[in-house]
Structure formats: structure tokens, C-alpha cells
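Only a predicted model underlies this, so the values are computations on that prediction, with no experimental measurement involved.
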Amino acid sequence: MALAGASSSACLRRLNPLLFSAHRRPAWTPRRAARRFCAAAVASERDVFTSPEVAKSFDFTNEERIYKWWESQGFFKPNFDRGGDPFIIPMPPPNVTGSLHMGHAMFVTLEDIMVRYFRMKGRPALWLPGTDHAGIATQLVVEKMLAAEGIKRTDLTREEFTKRVWEWKEKYGSTITNQIKRLGASCDWSRERFTLDEQLSRAVIEAFVRLHEKGLIYQGSYLVNWSPNLQTAVSDLEVEYSEEPGNLYFIKYRVAGGSRDDFMTIATTRPETLFGDVAIAVNPEDERYAKYVGKLAIVPLTFGRHVPIIADRYVDPEFGTGVLKISPGHDHNDYHIARKLGLPILNVMNKDGTLNDVAGLYSGMDRFEAREKLWSDLVETNLAVKKEPYTLRVPRSQRGGEVIEPLISKQWFVTMDPLAEKALHAVEKGQLTILPERFEKIYNHWLTNIKDWCISRQLWWGHRIPVWYIVGKKCEEDYIVARSAEEALAKAQEKYGKSVEIYQDPDVLDTWFSRSINTFRHKSLQLSCSALWPFSTLGWPDLSSEDFKHFYPATVLETGHDILFFWVARMVMMGIEFTGTVPFSYVYLHGLIRDSEQVNFQGRKMSKTLGNVIDPLDTIKEYGTDALRFTLSMGTAGQDLNLSTERLTSNKAFTNKLWNAGKFLLQNLPDRSDATAWDVLLANKFDTEASLQKLPLPESWVVTGLHELIDRVSTSYDKFFFGDAAREIYDFFWGDFADWYIEASKTRLYHSGDDSASSMAQSVLLYVFENILKLLHPFMPFVTEELWQALPYRKQAIIVAHWPATDLPKNSLSIKRFQNLQSLIRGIRNVRAEYSVEPAKRISASVVAAADVLDYISKEKQVLALLSKLDVQSTHFSELPPGDANQSVHIVADEGLEAYLPLADMVDVYEEVKRLSKRLSKMQSEYDSLLARLNSGSFVEKAPEEIVRGVREKASEAEEKISLTKNRLAFLQSTVSS
């Protein structure tokens with residue numbers, strides 16, 4: 001029995017006057033205009049927010065105004081009013097000389113997502129910001145500034161120079177901070193720290209003193225990366241390797257006591273270091289040189305200096321000539337071999353890159369000048385074999401650009417084995433969780449194989465090493481470690497008498513704990529910043545500090561996976577050593593940002609050298625901060641992210657979609673002044689099973705979907721699966737709410753004639769939209785706050801709004817039923833597209849299903865008609881197929897749910913037969929041409945494989961299209977004949 005749809009033209013127009021009525025409703029009624037004026041007045045009064053009712057799209061220039069408002073309201077400070085355990089993130093301090101790059105944008109985005117989420121969850125949230133004094137970088141900047149004035153650093157006293165650096169810092173040091181704010185970072189700026197602040201400096205000195213008292217700090221001479229221009233040791237992270245053209249020099253080393261034919265040829269890229277040779281090595285299995293092992297070789301141009309010829313498996317017999325000169329004072333690998341075998345170490349170079357007295361006649365010459373002179377002399381003395389072009393991997397200073405020299409230098413070191421053992425146990429015992437878990441292996445490997453660390457730098461800017469020497473005494477034997485100059489003098493006077501004179505070590509502590517001086521024995525440590533950052537910023541060593549008591553240990557340390565062992569592990573060691581507690585419970589590691597894998601880029605790490613850098617500030621101007629943040633958040637923890645303009649464009653469109661959804665809501669909600677209507681609207685609750693059961697199908701479906709989304713997204717946030725959370729919200733908002741429910745709600749809102757249905761739709765629209773804004777706020781804070789403030793009767797800012805409750809009721813039956821309705825609508829839409837039905841044309845339909853299915857489908861007849869563009873009066877429901885079924889397109893939407901669309905309603909059958917026949921003829925010709933090429937032996941044999949494969953693929957596609965066209969043509973012809 002058919003269920004006829006009794007409907008009038010009024011009912012038809014009720015679906016949507018903009019689509020169904022010949023007399024279209026004006027875009028803005030007087031009532032709407034009045035509300036626009038009201039909204040504009042409120043916005044003008046507050047001078048902060050702009051409503052979608054008066055703005056076509058979200059204006060990115062509003063972001064800074066919104067941020068200043070948040071900050072002025074104190075929202076960034078931890079709030080204990082709602083109780084709960086504090087959530088704390090210490091910000092990795094960027095260099096004070098830095099400018100914003102995508103690496104900053106990544107960590108700021110992820111850390112702000114965390115802190116905004118837990119703030120909304122009611123936990124007192126502290127994101128503690130700060131900057132690092134960046135020893136080398138800052139000193140270089142100021143030296144260049146002085147050079148422009150015609151002043152050298154050495155023209156000034158140390159005190160005069162550091163005064164100039166502080167002046168520079170006060171003037172330019174806030175640049176990176178302001179840029180980080182531009183990203184929406186909700187840090188507690190009242191607690192901002194600088195690594196040379198008085199409190200942090202006190203913590204650094206205290207840490208040094210305590211480690212020294214425990215016998216863990218010592219002084220020694222070891223091989224480091226040396227910058228001749230900067231006159232300091234530099235870390236691995238400050239050394240960049242570049243492939244550059246050079247030469248491989250082949251040199252004769254005569255065997256002592258042998259004939260003129262007894263010599264060994266050595267291949268080297270740095271012949272000037274031969275003055276530092278202490279041995280010649282060959283592989284023990286290399287038969288070519290077995291007879292020379294145990295004898296002595298004569299180092300060229302050294303007036304007969306002899307070195308032993310030894311055998312070691314480290315030597316690669318396939319490289320060069322298979323003979324290796326061992327110069328431990330100037331090569332990291334050679335240094336390792338020399339220490340293993342107990343060989344002496346010779347240094348032939350001064351700290352300015354010139355050769356010293358060990359080089360004899362070449363003393364005082366620049367290292368590269370000496371290389372050319374030495375080779376010329378080797379040629380003249382017949383000790384040069386040949387010189388070949390060779391691509392060198394040259395280590396250059398990241399800061400100054402000069403070639404780095406491995407050099408023996410006296411430095412301060414920390415013994416790390418006992419500290420590393422405790423850090424290993426922290427992960428083993430579950431006190432520290434590393435995310436993703438796979439990085440635990442890297443953490444464990446590095447700590448298991450840890451070496452002692454270098455903590456000193458030869459700079460003027462930084463934390464001065466708290467060591468004083470006695471005038472007239474040897475530094476290695478007589479020095480004093482103290483917390484101040486006054487304490488040092490008192491100690492010296494107690495030991496040496498009142499007349500003693502002391503002077504402080506000129507070195508400073510290394511700037512970055514995350515960086516390591518590249519030696520086989522020693523790695524660099526920064527006591528002055530990162531190692532102590534989680535607790536020195538909270539008042540340590542004053543354990544009674546309120547901040548230390550409330551906010552230590554931190555909850556999460558977030559950073560890039562590439563510095564896990566450079567920085568994170570070291571903070572863990574220092575935290576346990578000085579506080580007895582792991583400094584944070586979780587380590588979240590993000591990936592690197594790479595360029596997009598498109599025509600010009602290959603997924604490479606962004607760098608200025610490659611020219612593939614995307615500037616965050618330029619990106620914000622074009623796409624908005626929210627689009628950038630959302631794009632960066634879509635990655636997976638620990639995996640690198642390919643950033644492209646396509647992704648940014650897509651997420652800018654997402655921002656616009658949100659804005660337009662807000663505009664739709666505001667145009668269809670009651671006037672702000674209509675208190676009665678708002679009382680009814682806000683009284684509707686959806687937090688009980690009963691309230692959900694009473695809702696019509698589309699409303700029950702979208703509310704259930706929202707409740708499921710809240711559970712999934714909250715779980716993802718708790719697990720730090722931010723990419724999953726972002727995709728879930730995106731898909732629900734765009735795919736379910738915007739594309740389906742907003743469209744379905746128009747049947748209730750536009751002249752439905754049922755105020756209760758309209759009010760319920762308004763309640764659901766508001767309820768779902770405001771919760772989507774809450775879920776999305778940590779990712780896209782600006783547009784969500786702007787939209788939230790535009791909604792009437794908001795009692796608080798979204799930044800401090802309560803997170804949506806979880807485990808709310810769900811109607812799983814409504815999910816299944818609405819999916820059936822969606823399948824039916826999609827099926828009808830597909831048929832319309834296949835037959836090129838004009839978009840505005842309304843067609844007939846017969847829906848066939850069992851009685852229970854028809855019951856809920858027919859109740860949403862207007863939704864079906866609106867979204868499928870059906871003629872409501874010609875849409876029928878029945879348990880049996882219609883009489884004209886053989887002249888209709890049959891759709892199977894789901895098991896037990898079908899529809900029949902009369903062909904005559906959609907197309908002119910005779911014209912369609914002609915069109916398809918003509919099209920089929922053309923397709924057949926093209927297919928025959930492709931087959932002819934494939935049947936040609938010469939083509940298949942001579943054409944490139946990819947060309948042949950392409951033709952085969954085209955032929956296969958053409959064959960499939962022909963088959964489909966023939967079937968459709970046969971169907972049309974059958975309807976004509978019947």
C-alpha cells in the first residue's frame with residue numbers, strides 16, 4: 001500500500017523558500033537587519049570581536065586584538081578555582097636572537113593545543129615561556145653591530161662588551177617573543193624567564209658547585225670542534241656539513257731502514273696535518289703491507305721524524321691506498337684510535353687556524369696556505385705521488401661559516417655515567433613515558449653509551465664558570481669553586497693567607513644543553529639553560545618557592561624528535577640529580593617539517609640553503625593563524641610533516657566553512673532581545689536518554705554523532721593523538737553537520753508552520769555548533785573565540801569554557817536509520833548526475849521498503865525531497881514497486897530500501913538515445929585506434945615501456961566505458977519499445 005504524500009504548494013515552499021518559491025525571500029528581512037545593527041553595536045562597544053552577521057569572512061587582522069584581550073583578562077595564568085592537578089609545560093626556550101620559523105610554529109601549536117585543552121578541562125594550566133641567551137649567536141650579532149661602528153670586541157673590556165650585549169637584548173630581545181604570541185601561544189607571560197635572569201644564574205652556579213662537590217666535574221684537554229674565527233669550541237648542532245670540491249693528495253712515506261722502493265703511499269684530504277702524525281696504520285689482513293707492520297715510517301718534511309707502522313681493523317683497505325695516517329690532534333676518528341692504542345697526541349695548530357712550532361718551517365702559516373705550500377714542497381722533493389679531484393664533506397660553523405677545525409683544547413667536563421643510570425631507570429620504572437614509544441630505544445641507546453660532557457665555551461656572553469684561580473699557582477692544581485667572588489676570596493684567604501690574589505676562569509658555560517661538542521669521549525652540556533630549565537624557572541634551588549611547590553614536576557615536555565638525546569635525556573638526568581624527581585611525566589616528540597613532495601620539492605627538511613623555507617608570518621597573513629595551526633597539527637607524533645600550500649588552502653577553506661556555519665546559525669536563531677524564545681531554546685537539553693529518544697531522526701542522528709565525537713576526541717586529546725582529533729572534528733563538522741544537518745534543518749526553519757519543530761532545530765544547531773567550537777578551540781583558537789562571542793548568552797570566553805562532558809547518551813538506532821536515508825539521497829543524486837538532470841529540476845520518485853523502514857523514511861519526506869531535489873507531491877512511499885518500474889531507474893540504497901526514478905521525469909528518452917548512440921560510436925573509434933597500436937608489433941617492441949603501459953591502461957578504461965554506455969543505451973531502448 002502506497003503512502004501518499006499529501007502536500008500543497010505552501011508545504012512545498014515550506015522546505016526552503018530560496019529554492020522552492022517563485023517569490024524568493026529577500027536576503028535580509030527588517031528583523032534580521034535590526035539584529036545586525038544590534039550585533040554591530042555590541043561589537044563596537046567591546047571593540048574586540050566581530051560577528052559573522054556583519055562580516056563576510058573571518059578577518060585575520062582581528063587575531064592580535066583577540067590575543068591582547070585574552071591576555072588582559074588573565075586567561076593565560078593558572079586558575080585553581082575548579083580544582084584538579086596542575087598541567088604544566090615548560091616551553092623549549094628559543095634563542096633571543098631568533099626569528100620565527102616553522103619549527104617554532106610546530107612546537108607552539110602543539111604545546112598550545114595541550115594547554116588549552118587541559119585549561120578547558122578545569123586543570124590549573126601553566127605554560128611557562130622564556131628565551132635562551134644564545135651565547136655564540138648573540139655575541140656574533142653584537143660583534144657585527146660593533147664592527148659597523150668601527151669597534152672590535154677586543155677593543156672593549158669584558159664588562160663593556162657585556163653591557164653592550166644587554167643593551168642590544170633590551171632593544172631587540174622581545175622580537176621572537178612577540179612572534180610566538182602571534183601564533184596564539186597562551187603562555188603565562190608574567191612568568192617569562194630569560195636564561196641570564198638573576199634567579200636562573202643563581203641556579204646554574206648552584207648546580208656547578210654541587211656537581212663539583214660530588215666529584216662529577218673536572219678539567220682536561222681533549223679534542224673538540226674548534227671555530228678559529230669565533231675562538232671557541234662549538235657543538236655538533238652548530239656544525240653544518242656541506243659537500244664541496246677539493247682534492248685527495250697521495251704522498252710517499254718512506255720506510256725507515258728500507259731501500260728507495262720501500263715506501264707507503266697515503267691518501268689524505270688534509271696534508272697540512274701530517275706534522276701531527278703519530279703512526280701509520282694498515283688493515284691486519286691487507287697482504288700488501290704485512291711486511292711493514294712493526295717497522296717505522298718517516299714523516300715527510302719533518303727532518304726525519306719516525307712513527308710506528310701498526311695494524312688495526314679500523315682501516316678500510318678499499319679506501320685510497322689502504323694506508324691511514326694517524327693524526328689524533330686533528331681528526332676525531334684518529335683521536336679515538338690513539339686513545340684506544342695509547343698513542344701520543346700532537347697538536348700542530350694554533351687557535352687562530354695557523355700552524356704552530358710543531359710544523360717547523362711552516363709555523364705561523366694559515367692552514368690552507370700551508371696546504372698549498374706543503375704540496376709544492378712535496379712535489380719538489382719527489383714525495384708527491386698525485387693529486388686527484390675529490391668531493392669533500394666540509395664541517396662549517398653554523399654561525400660564522402668558517403671551516404671547523406678538530407683541535408685539542410682544555411675544557412671543563414662532567415662525568416655522566418652515574419647520572420645516566422638514574423635516567424635509564426626512570427623509563428624502566430614507568431616514571432617517564434616517551435611518546436611515541438619507539439623513541440625509547442634511542443633514549444636507552446644514548447644513555448647506555450654516554451660519554452663525559454664538555455660544559456665550557458670560550459665566550460664573553462653567558463654564565464661565567466664559577467671557578468677562581470690563584471695568582472702564581474698552576475690552574476690544574478690550585479683552583480677554587482664558589483658561589484660568588486666573595487666566597488671564593490674567603491676560601492682562598494683561608495688556605496693561602498690574606499694577601500692572596502685570585503682571578504676567575506674566563507670561560508662561560510655552554511649555551512645549549514641540547515648541543516654536544518663532537519668528540520668520541522666528550523659531549524657538551526649546558527648547565528645554564530635547558531638542563532635546569534624545568535625547575536630553575538620555578539625558583540630552584542629555593543625548595544620553598546610557591547611555584548616550585550605547585551608546578552614541579554612538569555606534566556609534559558614537548559620537543560622535536562631530533563634532539564631527544566641532545567636535550568631531553570639531559571634534563572631528565574639533571575632533574576633527578578638536583579630534585580630527586582623526574583622533571584616531567586611525559587615526553588612528546590614531534591617530527592620535522594619538510595617541503596611538499598611536488599614537482600620542485602622532494603620532502604626535504606626546510607632550510608634557507610635549499611630555498612624551500614615557508615615563512616610562518618607570511619603564511620599567517622595569507623591563510624590565517626588558525627589554518628596554519630590546524631595544518632601543523634594534522635601530523636602524527638614523531639613523524640615528519642610535509643607542508644604544502646594545498647594543505648594550507650584547504651584549511652583556510654575550513655575556517656571559512658566554520659564562519660559561514662556561524663553566519664547561518666545567527667541568521668536563524670531568535671533575536672537577542674527575545675528572552676522568551678531564548679528561554680525555550682536554552683531549556684532544551686540532550687543529556688538524557690529520554691530527551692534523545694524524543695528527537696526527530698536528523699536531530700537524534702546529529703546529536704548522537706556529536707556525543708560519539710566528544711568521546712573519541714577527548715580520548716585522542718588525552719593520548720596526545722592530536723592529528724586523529726583534528727581529523728575527527730574536521731570530518732564531523734564538514735561531512736555531517738555542515739553538509740547534512742544544516743541542510744536538513746532548513747526544512748524546520750523555513751516556514752515549517754511548526755514552532756516547536758523550529759525551536760528544536762534551533763536548539764540542536766546551537767548545541768552541536770557550540771560543542772564543535774569547544775572541541776576545535778585548542779586547534780583554532782581565534783576563529784572559535786570570535787564565533788563563540790557572537791553567539792548570544794555566552795557567560796564566559798571559550799578559552800576558559802568547560803570542556804564538553806563525555807559518556808553522554810547515544811541513540812545508535814538513529815545512526816543506522818539516518819545512514820539509510822543518506823544512502824537513498826546519495827543514490828538519487830548519483831542518478832541525477834549520470835543522466836545530467838538540470839540542478840533546479842524536481843523529479844518524481846517512488847520509495848519502496850518494508851513498513852517499518854517506510855515509517856521513519858516517510859517522516860523525513862521533506863528532508864529527502866530537499867536534499868535529493870524531488871517533487872514533494874510526486875514522491876511516494878510503498879511496500880511494492882510502482883507500475884512503471886520498467887521505465888524507471890532502479891536504485892538499491894540499502895538492504896530493504898529501494899527507489900524508482902521515472903526516466904521521463906529526468907530526460908527526453910529519444911534525445912538521450914541519440915546522444916548516447918553518437919557517443920558510443922566515438923568511443924568505439926577511439927578504442928579501435930588504441931587496439932590497433934597495441935596489436936602493432938613494432939609499437940610494442942620499440943616504444944618505451946611506460947608509453948605502452950599507458951596505452952594499455954587507456955584501452956582498458958575505454959572498454960569499461962563502452963560496456964557501461966551499451967548497458968545504459970540498452971536500458972533506454974527497452975523503455976522506448978515498452
Taking all heavy atoms of [X] and all of [Y], pick out the closest pair and write down the distance.
X: A955; Y: L934; value: CB-CD1, 4.0 Å
X: L692; Y: N811; value: CD2-N, 3.5 Å
X: L648; Y: L628; value: CD2-CA, 3.9 Å
X: F732; Y: V702; value: CZ-O, 3.7 Å
X: L658; Y: M780; value: CD1-SD, 4.2 Å
X: Q873; Y: H876; value: O-CE1, 3.7 Å

Between the side chain of [X] and the main-chain N/O of [Y], is any donor-acceptor distance below 3.5 Å?
X: R919; Y: K914; result: no
X: R832; Y: E838; result: yes
X: R712; Y: I729; result: no
X: K869; Y: R842; result: no

Pairs under 3.5 angstrom only: tabulate donor-acceptor contacts from the side chains of residues 924-932 to other protein residues two or more places apart or in another chain.
{"unit_1": "Q924", "atom_1": "NE2", "unit_2": "D928", "atom_2": "OD1", "d": "3.1"}
{"unit_1": "S925", "atom_1": "OG", "unit_2": "S921", "atom_2": "O", "d": "3.2"}

Inset, instruction - Could you tell me how the ring of F769 sits relative to the ring of F737: parallel (under 30°), tilted (30 to 60°) or perpendicular (over 60°)? - result: parallel
Inset, instruction - Show the numbers, then the answer: is there a side-chain hydrogen bond (donor to acceptor under 3.5 Å, both in side chains) between D626 and T655? - result: CA-CA 7 Å; D626 290 323; T655 307; 5.6 Å; no
Is it the case that more than 12 heavy atoms not belonging to [X] sit under 6.0 Å from its [atom1] atom?
X: K966; atom1: NZ; result: no
X: E946; atom1: CD; result: yes
X: K954; atom1: NZ; result: no
X: K810; atom1: NZ; result: yes

Legend entry - R629 charged N/C atom sitting above F779 aromatic ring, 6.0 Å / 45°: no
Legend entry - Test side chain to side chain donor-acceptor pair (under 3.5 Å) applied to H590 - qualifying residues, sequence neighbours left out: E558
Legend entry - Single hit among F60, F58, F664 for ring-ring contact (aromatic ring centres under 6.0 Å, His included) with W659: F58
Legend entry - Option from K816, R826, R817 for which salt bridge (Lys or Arg N to Asp or Glu O under 4.0 Å) with D894 holds: K816
Inset, instruction - Using the salt bridge (charged side-chain N to carboxylate O under 4.0 Å, His left out) rule, take R748 and E860 through it: C-alpha gap first, then chi angles, then the decisive distance, then the call. - result: CA-CA 11 Å; R748 280 86 159 125; E860 300 303 332; 3.2 Å; yes
Inset, instruction - Mind checking the OG1-CG spacing from T704 to L695? Nearest 0.5 Å is all I need. - result: 8.0 Å
Legend entry - Presence of salt bridge, R949 and E945, under 4.0 angstrom: yes
Inset, instruction - Using a strict 4.0 Å threshold on nitrogen-to-oxygen distance, state whether E622 and K652 make a salt bridge. - result: no
Inset, instruction - Under the salt bridge (charged side-chain N to carboxylate O under 4.0 Å, His left out) rule, what do R727 and D731 come out as? Steps first, then yes or no, please. - result: CA-CA 6 Å; R727 282 183 285 273; D731 291 344; over 6 Å; no
